[in-house]
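Shown next, in structure tokens, is the structure this report addresses.
We use all heavy atoms of the structure for the numbers below, so side chains are in, but hydrogens, waters and symmetry mates are not.
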2 protein chains.
Amino acid sequence: MILTTQRKAMIDELKKLKTHPTADEFYEVIRKKIPKISIASVYRNLDVLSKAGHILKIETSGTQMRFDGDLSRHYHLRCSKCGRLIDFMPKGVDSLEKSVKDLKKRNRNLIDFNIEFSGKCGKCE
Amino acid sequence: MILTTQRKAMIDELKKLKTHPTADEFYEVIRKKIPKISIASVYRNLDVLSKAGHILKIETSGTQMRFDGDLSRHYHLRCSKCGRLIDFMPKGVDSLEKSVKDLKKRNRNLIDFNIEFSGKCGKCE
DNA sequence: TTATATGCAAATTGTTTGCCTAGGC
DNA sequence: GCCTAGGCAAACAATTTGCATATAA
């Protein structure tokens, strides 16, 4: 996997966003930096970059894939009012993580988990 | 929402399945009972029946929606080997549920959560 | 007998692929 | 110079819609 200028720019732009864009949303953003980029490259590169660990592909409710430049351990909340996907790392999450760790100890076949919260985001409360 | 013969049959058939089928998988199953059913009705009815609370639409990894006739509280595990979606309700899950309950107490905006586990299913271990 | 549901085909949406050219090492 | 990446358009897969007919209350 070659980190071309285009791919580097994609990583940079995605890291600036807090919105967890879909591929087509990100296409509109990156087009402002790289006007000649094609939607096919956006899909291809979001895929290879996530496989290479530079960005995160988010398994989310709703049909479209979403992407995240923030690699730190955090969760997401889907706002039940406005529908946006918001970073969510509240106090109390550590005990949930501990529960999962215990689950893994009891169930050796268990590898990972994916959680999405739902509720009102800060702006909609 | 009228519970037509067709919709009743769909609920019955889905409840018999443990496989959490996609819409097209379920279409193949229900066709054996209602040969003239159309794929459009399958999509439409899976949607209205889930909204009416008769069945469950599962937010799952992968691109396709999956459906579940089992309304009892339970979770799912995506097998990392065979890819199937398996019911998962192990010992230890109660402490995870307690953690989420605590989270909700601390974060009043929080409504619900959706978790999908990944790991090897019973057949693949 | 009026409203809702269904079948069929066509339209839409999100994503992937083939192929040829361009750029990176 | 060789191999991987990128642009473009066409293909594909999953789902939705419009419309005419059929079924339910």
TODO: Figure out the OH/C1' separation between A:Y43 and C:dT15, and round it to whole Å.
DONE: 5 Å

Task: Nucleic acid contacts - residues 2-23 of chain B versus DNA chain C, non-hydrogen atoms under 4.0 Å - done: B:I2, B:T4, B:Q6, B:R7

Open item on the list: Please give me the minimum heavy-atom distance between B:S118 and B:L77, naming the atom from each residue.
Closed with: C-CD1, 4.1 Å

TODO: Between A:A40 and B:S38, just flag the one whose closest nucleotide in DNA chain C comes earlier from the 5' side.
DONE: B:S38

Open item on the list: For B:K15, I'd like to know if atom NZ has over 12 heavy atoms of other residues, nucleotides or ligands within 6.0 Å.
Closed with: yes

Task: Partner of B:M10 by side chain to side chain contact (heavy atoms under 4.5 Å, CB included), out of B:I37, B:I55, B:V29 - done: B:I37

Task: For atom CG of B:L46 and atom P of C:dT6, their distance in whole Å - done: 12 Å

Task: Whole-Å distance separating the CZ atom of B:R44 from the C1' atom of C:dT4 - done: 11 Å

Open item on the list: If only side-chain N and O atoms count, and only distance matters, is there a donor-acceptor pair under 3.5 Å linking A:E25 with A:T19?
Closed with: no

TODO: Among B:L46, B:I30, B:L14, find the residue that satisfies the side chain to side chain contact (heavy atoms under 4.5 Å, CB included) test when tested with B:P21.
DONE: B:L14

TODO: For the pair A:D102 and A:K98, find out whether any cationic side-chain nitrogen is under 4.0 Å from an anionic carboxylate oxygen.
DONE: yes

TODO: With heavy atoms under 4.0 Å as the rule, sort B:I37 into base, sugar-phosphate or nothing.
DONE: sugar-phosphate

TODO: Check every strand shown and say whether B:N45 touches a base, only sugar-phosphate, or nothing at a heavy-atom separation below 4.0 Å.
DONE: sugar-phosphate

Open item on the list: Any carboxylate oxygen within less than 4.0 angstrom of a Lys/Arg side-chain nitrogen, looking at A:D12 and A:K8?
Closed with: no

- [ ] Calculate the interatomic distance between A:D47 atom CG and C:dG14 atom P; express it in whole Å.
- [x] 18 Å

Task: B:K36 NZ to C:dG7 C1', straight-line distance once rounded to whole Å - done: 9 Å

TODO: Determine the interplanar angle of the A:F113 and B:F117 rings, folded into 0 to 90°, and report it as parallel if under 30°, tilted if 30 to 60°, perpendicular if over 60°.
DONE: tilted

- [ ] Using the heavy-atom set of chain B and a strict 4.0 Å cut-off, write down the first and last nucleotide of DNA chain D that makes it in, 5' to 3'.
- [x] D:dA14 to D:dA25

Open item on the list: From CD1 of A:I39 over to P of C:dT16, roughly how many Å is that when rounded to an integer?
Closed with: 11 Å

Open item on the list: When you compare the side chains of A:D70 and A:H20, does any donor N or O come within less than 3.5 Å of an acceptor on the partner?
Closed with: no

